[in-house]
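We name chains A, B, ... by the order of the sequence lines, and we start the count at 1 in each one.
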There are 2 protein chains.
Amino acid sequence: MPSLHRAPTKGSLETKERIFDAAEALFMDQGFSTTSLRAITAKAKVNLAAVNYHFGSKEALIREVFDRSLGPLNGARMAQLDRLEAAAGGNPVAIDKIVEALVSPALHVSHDPLKRGAAFLRLLGRALSEPAEYMRAFLPAHYRDVVVRFRRALSLALPNLSEAELTWRMHFTFGAMAYSMAGTDAVELFTTPDDAGVDDAEAIVQRLIPFLVAGLKSPTPKSRATRSVEPSARKVA
Amino acid sequence: MPSLHRAPTKGSLETKERIFDAAEALFMDQGFSTTSLRAITAKAKVNLAAVNYHFGSKEALIREVFDRSLGPLNGARMAQLDRLEAAAGGNPVAIDKIVEALVSPALHVSHDPLKRGAAFLRLLGRALSEPAEYMRAFLPAHYRDVVVRFRRALSLALPNLSEAELTWRMHFTFGAMAYSMAGTDAVELFTTPDDAGVDDAEAIVQRLIPFLVAGLKSPTPKSRATRSVEPSARKVA
DNA sequence: TGACGTTTGAAATGTTTGTTTGGAACCCAG
DNA sequence: CTGGGTTCCAAACAAACATTTCAAACGTCA
């Protein structure tokens, strides 16, 4: 038996890293099902078999691409929310601060070349509308804690909002956020082709936060209270 | 030469229709690249070759699925905006009415079984984040007029909003809208599993409109006015 | 240096993709 | 009944796909 878990010798980490970066870039602007291992290995300039050797399968590669960035990202989100709640000391946190804690860590997701941050954001946005089943399997696992935490904070900050209403508004919030990160391809075509650079993530966030805060704080539609008899939790599924 | 364009004899329209419905349903919750012709023909219970016979290719099938619903949908949107502008007589139209004209026709998109309407909405939402190139080719063609019209109306209704700011807010608006229509799969997992039925498109719209209106009307971030020198309408495109 | 574990390379595996084919079944006009 | 146009079907097609295989190359330790 060899010395277990020994530090790789030659270009092994280098190869795995190149695969990683190439995969992230291609997934970003092509999607997951569409991107072939051949395209990835060609871009990374490594052998085709290298992916299955280093990662085991294409699905495992996708999972690792996410784990590497989604963990720190959501960790930063919750840490920032922690600080806000600690500073507030039991009182509700300001909504704009909550939204900022949700949106802005997306910028400083890692201390890497900074390009990786923006790249991963579009990758994540794309994943949220990806049909693949393995996406539905482990992506919610990453997000559940974040959603629970932010839902609680928002529920405190917006006390006159029913639980159902809050669910919808968080739904819209995540939608606008995900789309803003992923949808540059589709939208820049039918808005105006020559606006402020879409790559400038900071600009997106600075405009997105007020938009979302206003939407979250908006008065409930018609104050219809409970609009009929409250459907009383249908099939729990 | 046969009698051109004769009414089909047996189950031809019936077959084409079944392919159409099956394709729409599968595209909706699987995406385009991911859905195979074999899956479509299996669901439609027709022969594999039927797709290429009736539509010519998979891409043509996708295009027809869109043309059939996107045309009437955007037509209804613009017609509704027409009525609003005629009633306003030169004055700006109320923002909530504009947003309603954009969002609500999605409900009454056709006089079909009504289920088709909701189905197509999710299909459209998914298309907006689809990587395929043929999507970028003909989808903007359908949307360009709508965007231009609504941008003009919103620009009048929100006079103290710079063009760049308006672009971003429309961006976010389309994002929340598209995601709300497509993202039921991803979101219902990490919000709460047992909320009001996501299939109830009317409920979505009634909650989405106030959210978007509030976002669109929100004060500009720092009132940085025209942040540099006003880019003065570059290439009109 | 020599042996062993790790990594890479080129080729082949079997599966799945969209598309094409040739003939049978069908309908209707002549 | 007969021919021609249309529709359908089972099968086959080539291309692209993820994955596996096996030998060669490499680095490290004895």
Novice: Looking at the rings of A/F150 and A/F174, which for Trp means the six-membered one, are their centres under 6.0 Å apart?
Specialist: no
Novice: How far apart are the C-alpha atoms of A/L81 and A/R77, what are their side-chain angles, what is the distance that settles it, and do they pass the side chain to side chain contact (heavy atoms under 4.5 Å, CB included) test?
Specialist: CA-CA 6 Å; A/L81 185 57; A/R77 279 172 168 152; over 6 Å; no
Novice: How would you list, by chain and number, every residue that makes a side-chain contact (heavy atoms from CB on, under 4.5 Å) with B/L48, sequence neighbours excluded?
Specialist: B/L37, B/R38, B/T41
Novice: Between D/dC8 and B/H54, is there an OP1 or OP2 to side-chain N/O distance shorter than 4.0 Å?
Specialist: yes
Novice: Taking atom P of C/dT6 as reference, at what distance in whole Å does atom NZ of A/K16 sit?
Specialist: 14 Å
Novice: Sort me out a list of protein N/O and nucleotides 23-25 of chain C N/O pairs below 3.5 Å, or just none if empty.
Specialist:
none

Novice: Could you walk me through whether A/V146 and A/L102 pass side chain to side chain contact (heavy atoms under 4.5 Å, CB included), step by step?
Specialist: CA-CA 9 Å; A/V146 174; A/L102 182 70; 4.3 Å; yes
Novice: How long is the straight-line distance from CD of A/E64 back to CD1 of A/I62, given to the nearest 0.5 Å?
Specialist: 11.5 Å
Novice: Please write out each protein N/O paired with an N/O of nucleotides 18-22 of chain D under 3.5 Å, distance rounded to 0.1 Å.
Specialist:
unit_1: D/dA18; atom_1: OP1; unit_2: A/L37; atom_2: N; d: 3.1
unit_1: D/dA18; atom_1: OP1; unit_2: A/K58; atom_2: NZ; d: 3.2
unit_1: D/dA18; atom_1: OP2; unit_2: A/L37; atom_2: N; d: 2.9
unit_1: D/dA18; atom_1: N7; unit_2: A/R38; atom_2: NH1; d: 2.9
unit_1: D/dA18; atom_1: N6; unit_2: A/R38; atom_2: NH2; d: 3.2
unit_1: D/dT19; atom_1: OP2; unit_2: A/K58; atom_2: N; d: 3.0

Novice: Would you call the rings of B/F32 and B/F66 parallel, tilted or perpendicular, where under 30° means parallel and over 60° means perpendicular?
Specialist: tilted
Novice: Please identify which of these residues, B/V103, B/V213, B/V99, meets the side-chain contact (heavy atoms from CB on, under 4.5 Å) condition with B/L208.
Specialist: B/V103
Novice: To the nearest angstrom, how far is B/I19 atom CD1 from D/dC8 atom C1'?
Specialist: 11 Å
Novice: Nearest whole angstrom, please: distance from the P of D/dC8 to the CZ of B/F55.
Specialist: 11 Å
Novice: Should B/T15 be listed as having a side-chain N or O under 4.0 Å from OP1 or OP2 of D/dT7?
Specialist: no
Novice: Look up atom NZ in B/K43 and atom CD1 in B/I19, then write down how far apart they are to the nearest 0.5 Å.
Specialist: 14.0 Å
